[in-house]
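What's counted below: heavy atoms across the whole structure, side chains too, no hydrogens, waters or symmetry copies. A, B, ... follow the sequence lines: proteins, then strands. Residue 1 opens every chain.
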Amino acid sequence: MSETPITVEPDSAPTVRFADFGLSPEILRALSDQGYVHPTPIQAEAIPVVLQGRDVMGAAQTGTGKTAGFSLPIIQLLLAHASPSMSPARHPVRALILTPTRELAVQVAENVKAYARHTPLRSTVVFGGMDMKPQTVILRNGVEIVIATPGRLLDHVEQKNVSLGQVQILVMDEADRMLDMGFLPDLQRIINMLPKQRQNLMFSATFSTEIKKLANSFLTNPVTIEVARSNATADKVTQVVYKVDEDAKRDVVEHLIRQRNLKQVIVFSNTKIGASRLARHLEQAGINAVAIHGDKTQQERMAALDSFKKGEIEVLVATDVAARGLDITDLPCVINFDLPYNAEDYVHRIGRTGRAGASGDALSVYSDKDERLLADIEKLIKQTVTRGTLEGFAPRSARPSRDAAPERRARREPEGAGRSSSERPAGRSSGPMPRREKVDPWFLKPYEPAAAPEPVKAATPSSSSIKPAKQKLAALLGGIPK
DNA sequence: AAAAAAC
């Protein structure tokens, strides 16, 4: 058979196929159902190691195919090794996969279900914000694989809907995110319920000191798997930042969406309220936009994601609930309405675009006060981001925004009073005043600069602000039994 | 400083 030779990278390994791993015919059939033939790098590395029963510490980001990297060998292991015959339960939980967000749990569960579809293995997903009852029925009927967010899983355990005493394999997905989100105590409680003898897989986007400590405390002699850091993916993403007046950010985002005629874009906001307001602003401007964040009901969150994926919605305005994990593929563009406080999150956010070989744009708007955030980001990604200029954008002069919250509008001083936005106290736009008695609202007083524009403490290391949290974490980590 | 996650 004479094939036209194709260009191959000089030292690329011979092409591996899923069929080479000794996976069962049922699993291979599920893969071919989906048209998968060749594993991604992390799958090629992880599958054999997991099949050997080894613990794994994997550094991999979303979009690398890590879900299949752990779920395929797990399914294989569960098929190959029968459930312990002593088990009183007919279908004890044998594999437990924990994720930091509900949407990620759903997504992982969909994958697992698809890969296991031709096997007798049952799986289900449990997470908060939804009725307990349907989950309870499924758990009580018995499942081998559970995908869960920690809080709701503990709830089910307490109600004796599920027992974790037979778990053979534990997966912690997005472990760094779990730590960020303060899941450690829950994780600790869950881990204490599992058999001491088990296989552990931990995946994390970063290899921070905290993650290494966590790995040391509950992985046994793990194999470390690391695939290319996402900094490399940034090559395909064209990044531009626009410095604008803080109060003009919403209009600028609207402008960018119109100017570029964007039909599928995620806009990231640092706050839930900011996301809601921006979505409403865009809606009122005639752009089909929906907000997704943790204050929305689970039904709303799922509906938003669903209709965005279907293309019914053009703009998804999201908090970092959507920064990681969500498999919204190949977006042409991502916009940061706020620069993220964690530079790492910038990488995750822009990772929503420029995937699978496609190119993408990551646009960010920021204002004076965010210079430090931008500097942190550029330091992390080791490149300077292009400063863009807005063409054809006409700022509306200090126009009171129509969509201000009613209570805010009521407090707003009569008439524009011709005060430029830069004169306003910094706190105004960042949230409502504390609802306490004897309020002495700023708008009743003549304006004075807020406590002298904070002197720039050049000597302060950027990590100082998160040190207390780190110490607390270290204390907790020390408390995990080996 | 804010986000997420159990009721």
Return the set of residues passing ring pair (Phe, Tyr, Trp, His ring centres under 6.0 Å) with [X] (not counting sequence neighbours), or none when no residue passes.
| X | value |
| --- | --- |
| A:Phe337 | none |
| A:Phe308 | none |
| A:His156 | none |

In terms of side-chain heavy atoms of [X], which of [options] is nearest?
| X | options | answer |
| --- | --- | --- |
| A:Thr319 | B:dA5, B:dA6, B:dA3 | B:dA3 |
| A:Thr149 | B:dA1, B:dA6, B:dA3 | B:dA6 |
| A:Tyr341 | B:dA3, B:dA5, B:dA2 | B:dA2 |
| A:Asp155 | B:dA6, B:dA2, B:dA3 | B:dA6 |

N/O (side chain, A:Arg189) to phosphate O (OP1/OP2, B:dA5) under 4.0 Å: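 No, A:Arg189 has no side-chain N/O under 4.0 Å of OP1/OP2 on B:dA5.
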Tell me the interatomic distance from [X], atom [atom1], to [N], atom [atom2], rounded to whole angstroms.
| X | N | atom1 | atom2 | answer |
| --- | --- | --- | --- | --- |
| A:Asp338 | B:dA2 | CG | C1' | 10 Å |
| A:Phe337 | B:dA2 | CZ | C1' | 15 Å |
| A:Met178 | B:dA3 | CE | P | 21 Å |
| A:Asp345 | B:dA4 | CG | P | 12 Å |
| A:Phe183 | B:dA3 | CZ | C1' | 11 Å |
| A:Gln135 | B:dA5 | CD | P | 13 Å |
| A:Arg372 | B:dA1 | CZ | P | 11 Å |
| A:Leu184 | B:dA4 | CG | P | 20 Å |

Lys/Arg-Asp/Glu bridge criterion (N-O < 4.0 Å) met for A:Asp320, A:Arg349: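 Looking at A:Asp320 and A:Arg349, the cut-off is met.
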Salt bridge A:Arg177-A:Glu344, side-chain N to carboxylate O under 4.0 Å: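 Salt bridge absent between A:Arg177 and A:Glu344.
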Contact list for DNA chain B against residues 264-275 of chain A - heavy-atom distance below 4.0 Å: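 When residues 264-275 of chain A is checked for heavy atoms under 4.0 Å from DNA chain B, the hits, listed by number, are A:Asn270, A:Thr271, A:Lys272.
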Partner set under salt bridge (Lys or Arg N to Asp or Glu O under 4.0 Å) for A:Arg122, not counting sequence neighbours: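 Checked A:Arg122 against salt bridge (Lys or Arg N to Asp or Glu O under 4.0 Å); zero matches.
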Those residues that, when tested against A:Lys296, pass side chain to side chain donor-acceptor pair (under 3.5 Å) (two or more places apart):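 Listed in chain order: nothing, the list is empty.
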Sugar-phosphate only, base, or nothing, as touched by A:Arg102 at under 4.0 Å among non-hydrogen atoms: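 Answer is sugar-phosphate: A:Arg102 comes under 4.0 Å of backbone atoms only.
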